[in-house]
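Worksheet for the structure shown next.
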Amino acid sequence: DQHYTYDGKAHEFDASKASISVLGLPANEYFDITVEDNGQGLNITDAGEITVKVVAKSRSLGIELSTTAKVIVDPVERHVVIKGNTDTKTYNGEEQSVAGFTVVDPVDDSAIAVPEGSITLVDGKTAEAKGTDATKYAMGLSKDSFSVAPAKNYTYVIDAVSYTHLTLP
């Protein structure tokens, strides 16, 4: 089997890394090794696995050996920061609020499109700050406020949750 980590590129079984032996003796120099489709295609891009047929044909004896092998692409760990939405609104004596959060890259602060259900609030938590008095209201979110589920190509790791608030000056 051959393992890769998800990188958005297609991966296939590398026959040059396959080795065979006959009666315990290395036989790579006497056999040509090829890879054939086993009904799932020859390459894989997304995290998951495919099974391919590996065939070793003797160069001189007419012998053919075959087996199956897997090409496995593992999800990559993706570090993120949760930024709760922040807003400043004009005081009007009525309850006002700011809600929601964005998942961002910890290096460049750019928004990351996360598959639905991959990062969610745990039961009993809301991403909302609200109030009526002229002051600052915090959302009160922390890493423990979120649940992370496996996504197709990524395993998300929450590095931090930024301070989020509503300000009514």
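Atom set for the values below is all heavy atoms of this structure, side chains included, hydrogens, waters and symmetry mates excluded. Just so you know, residue 1 is the first one in the sequence shown, and it goes up from there.
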task = Let me see the working for Thr135 and Asp133 under side chain to side chain donor-acceptor pair (under 3.5 Å), right down to the final yes or no.
result = CA-CA 6 Å; Thr135 189; Asp133 294 331; over 6 Å; no
Distance-minimising heavy-atom pair for Phe13 and Lys70 = CD1-O, 4.4 Å
request  = Flag yes if more than 12 heavy atoms outside Asp108 fall under 6.0 Å of its CG atom; otherwise flag no.
outcome  =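 Result for CG/Asp108: enclosed.
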message = For the CD atom on Glu64, are there more than 12 heavy atoms of other groups (residues, nucleotides or ligands in this structure) within a distance under 6.0 Å?
response = yes
query = Can you tell which of Leu121, Ile119, Asp159, Thr102 makes a side chain to side chain contact (heavy atoms under 4.5 Å, CB included) with Ile82?
reply =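 Exactly one pass, corresponding to Ile119.
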message = Does this structure show an ion pair linking Asp46 with Lys152, if we count only N-O contacts that are shorter than 4.0 Å?
response = yes
key: Distance-only polar pair, side chains of Asp144 and Ser142, donor-acceptor under 3.5 Å   =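 No, because no side-chain N or O of Asp144 sits under 3.5 Å from a partner of the opposite role on Ser142.
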How many angstroms lie between atom [atom1] of [X] and atom [atom2] of [Y], to the nearest 0.5 angstrom?
{"X": "Leu166", "Y": "Tyr137", "atom1": "CG", "atom2": "OH", "answer": "8.0 Å"}
{"X": "His79", "Y": "Thr155", "atom1": "NE2", "atom2": "OG1", "answer": "10.0 Å"}
{"X": "Lys53", "Y": "Ser66", "atom1": "NZ", "atom2": "OG", "answer": "4.5 Å"}

query = Mind checking whether Val35 and Leu42 have side chains closer than 4.5 Å, heavy atoms only?
reply =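 Val35 reaches Leu42 side chain to side chain.
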query = Is the Lys NZ or Arg CZ of Arg78 less than 6.0 Å from the centre of Tyr156's six-membered ring, within 45° of the axis?
reply =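 Cation-pi check for Arg78 and Tyr156: fails.
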inquiry  = Please determine whether residues Val71 and Val54 belong to a single hydrophobic cluster, defined as Ile, Leu, Val, Met, Phe, Trp and Tyr linked transitively by side-chain heavy-atom distances below 4.5 Å.
reply    = yes
task = Output all residues satisfying side-chain hydrogen bond (donor to acceptor under 3.5 Å, both in side chains) with Glu36, sequence neighbours left out; order by chain, then residue number.
result = none
